[in-house]
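Written out below as structure tokens is the structure these notes cover.
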There are 2 protein chains.
Amino acid sequence: MPTSPSPRGRRPDPAVDEKIRAAVLALLLERGLEMTMDEVAARAGVGRASVFRRYGTKRDLLLDTMGRLLDVHVAIPDTGSLAGDLRQVVADTLAVWRDDRLAAVSRQVLGEAGRDPEVADMVRTTMRERMTRSWVVYDRAIERGELRPDADLWLLTDLFAGLVVYRGLLGIGPPGVDAVVDALLHGFAPQGGVEQH
Amino acid sequence: MPTSPSPRGRRPDPAVDEKIRAAVLALLLERGLEMTMDEVAARAGVGRASVFRRYGTKRDLLLDTMGRLLDVHVAIPDTGSLAGDLRQVVADTLAVWRDDRLAAVSRQVLGEAGRDPEVADMVRTTMRERMTRSWVVYDRAIERGELRPDADLWLLTDLFAGLVVYRGLLGIGPPGVDAVVDALLHGFAPQGGVEQH
DNA sequence: CTCATTCTGATACTCGCAGTATCCGATACC
DNA sequence: GGTATCGGATACTGCGAGTATCAGAATGAG
């Protein structure tokens, strides 16, 4: 592709970019989504106009910041058994909600997702990317015969992601890791029980 | 307790109460939570002050309205088998998200729950009440031997409530009822498979 | 070097809306 | 009849997002 026509006047200062990002992130962790644009500018030690030149809207600013906050890479476990790996994955998912500040921010981000479809898209995409990254775990489990080959992996992942999100959002204490893993693997019917209909 | 001292002047007009409630509900379904107090008053054909006399705050008004909206009683199934009953319960939970307007409102209510702890409390309480009402189903299932007697029922209910909420909130298509029920009852491990560790 | 252009911080302005205050007429208790 | 509250209407206050403007600095074009 052709080099973009070289910009004429003064170039945007990358240091300002960074100062703004840092300020928003700090404010987000301290006080949640409720910040004014003036606070952001002040905290960044930057002119109000410089913020609006980069983000046309407060929504844009927060969308970008929330995106960066959610995009945390997670280690892929390999404990040798599906139960072990799942425990790890579930525990990782739960970890966010143990830290009070992170939990508060997560709640608010999910809250925004409820009112702003673009935020919902962002969250969904980020979550799904993170999830698919750990699907090696399920491939291995199927090879070992610990997981049904035809299992609906989206259903599996969404079941525990949903549980965690639901409880976190409504302020219900997090579930025990082992109980969740056991429920996901074996369900609530009695062991070996075959359902009559 | 003593009768409250009889109020002195003119009494609040119940008709006005009702007109306001109806107006908010209508606006809520039409356009979601984003309504102005002037719109509410205008739609109700009522003075602005009369709205503020009843609800000191927009938040109060919406909290009350959302509460009434969520407080829908649900039939308790009795199909003769746990799988059948569960299908019914899951389908009922899913039903809300099939109607576009209701889905939109639900998303926004959950969104508010993320940012306002009082809304979260209200939603949690309402949901839990509705859930416990259908626990007869599980009692019967345990008697029939279709459910582990020591099953964590909150985990069971929150798993599918969470799934539905999570997918609804992020705009992911709803899961199939049968797949959910099957996963809850038997899990994702191969049938009869015993986990090695 | 000079000029045009776009950045930067600062300040002032518009606009929408929640919440408050005030008026005047109506209604109800004492 | 006196007084307190409700009802509708309207004006005012306060806050914060977004816009406009300005003077000074930086940078590429010619």
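Chain letters run A, B, ... following the sequence lines, proteins first and then strands; every chain starts at 1.
A donor and an acceptor atom, one from each side chain of A:Asp71 and A:Thr126, are nowhere located under 3.5 Å apart.
For C:dT8, the OP1/OP2 oxygens have a side-chain nitrogen or oxygen of A:Arg53 closer than 4.0 Å. Here A:Ser50 reaches the OP1 or OP2 of C:dG9: one of its side-chain N or O atoms lies under 4.0 Å away. An OP1 or OP2 oxygen of D:dG18 is reached within less than 4.0 angstrom by a side-chain nitrogen or oxygen of A:Thr57.
Between A:Arg59 and B:Val16, the residue anchored nearer the 5' end of DNA chain D, judged by the nucleotide with its closest heavy atom, is B:Val16. Comparing B:Ala49 and B:Arg10 by the nucleotide of DNA chain D whose heavy atom lies nearest to each, the residue mapping closer to the 5' end is B:Arg10.
Nearest heavy atoms, B:Arg43 versus B:Ala23: CG-CB, 3.6 Å.
Closest to the side chain of B:Pro12, from the set C:dT5, D:dG7, D:dA4, is D:dG7. Comparing D:dG28, C:dT20, D:dA4 by their closest approach to the side chain of A:Arg8 singles out D:dG28.
The NZ atom of A:Lys58 sits 15 Å away from the P atom of D:dC15 (whole-angstrom rounding). Put simply, CZ on A:Arg54 is 12 Å from C1' on C:dG9, counting in whole angstrom units. We find that CG of B:Asp38 is positioned 13 Å from C1' of D:dG8, with the value rounded to whole Å. Distance B:Asp13 CG to C:dA28 C1': 13 Å, rounded to the nearest Å. At whole-Å resolution of the value, OH in B:Tyr55 and P in C:dA18 are 16 Å apart. Following rounding to the nearest Å, A:Met35 (CE) and D:dA17 (C1') show an atom-to-atom distance of 14 Å. Spacing between atom CD of B:Glu39 and atom C1' of C:dG16 amounts to 11 Å, rounded to whole angstrom units. In this structure, the CZ atom of A:Phe52 is 14 Å from the C1' atom of C:dT11, given to the nearest Å.
Residue-to-nucleotide contacts include a donor-acceptor pair under 3.5 Å from the side chain of B:Arg48 to the base of C:dG19. The base of C:dA28 has none of its N or O atoms less than 3.5 Å from a complementary donor or acceptor on the side chain of B:Arg11.
Note that B:Arg167 lies outside the cation-pi zone of A:Trp154, set by a 6.0 Å cut-off to the ring centre and a 45° limit from the axis.
Counting heavy atoms of neighbouring residues, nucleotides and ligands inside a 6.0 Å radius, atom CD of B:Glu118 does not exceed 12 of them.
Within the model, atoms CH2 of A:Trp97 and CG of A:Leu102 stand 10.0 Å from one another, a figure rounded to the nearest 0.5 Å.
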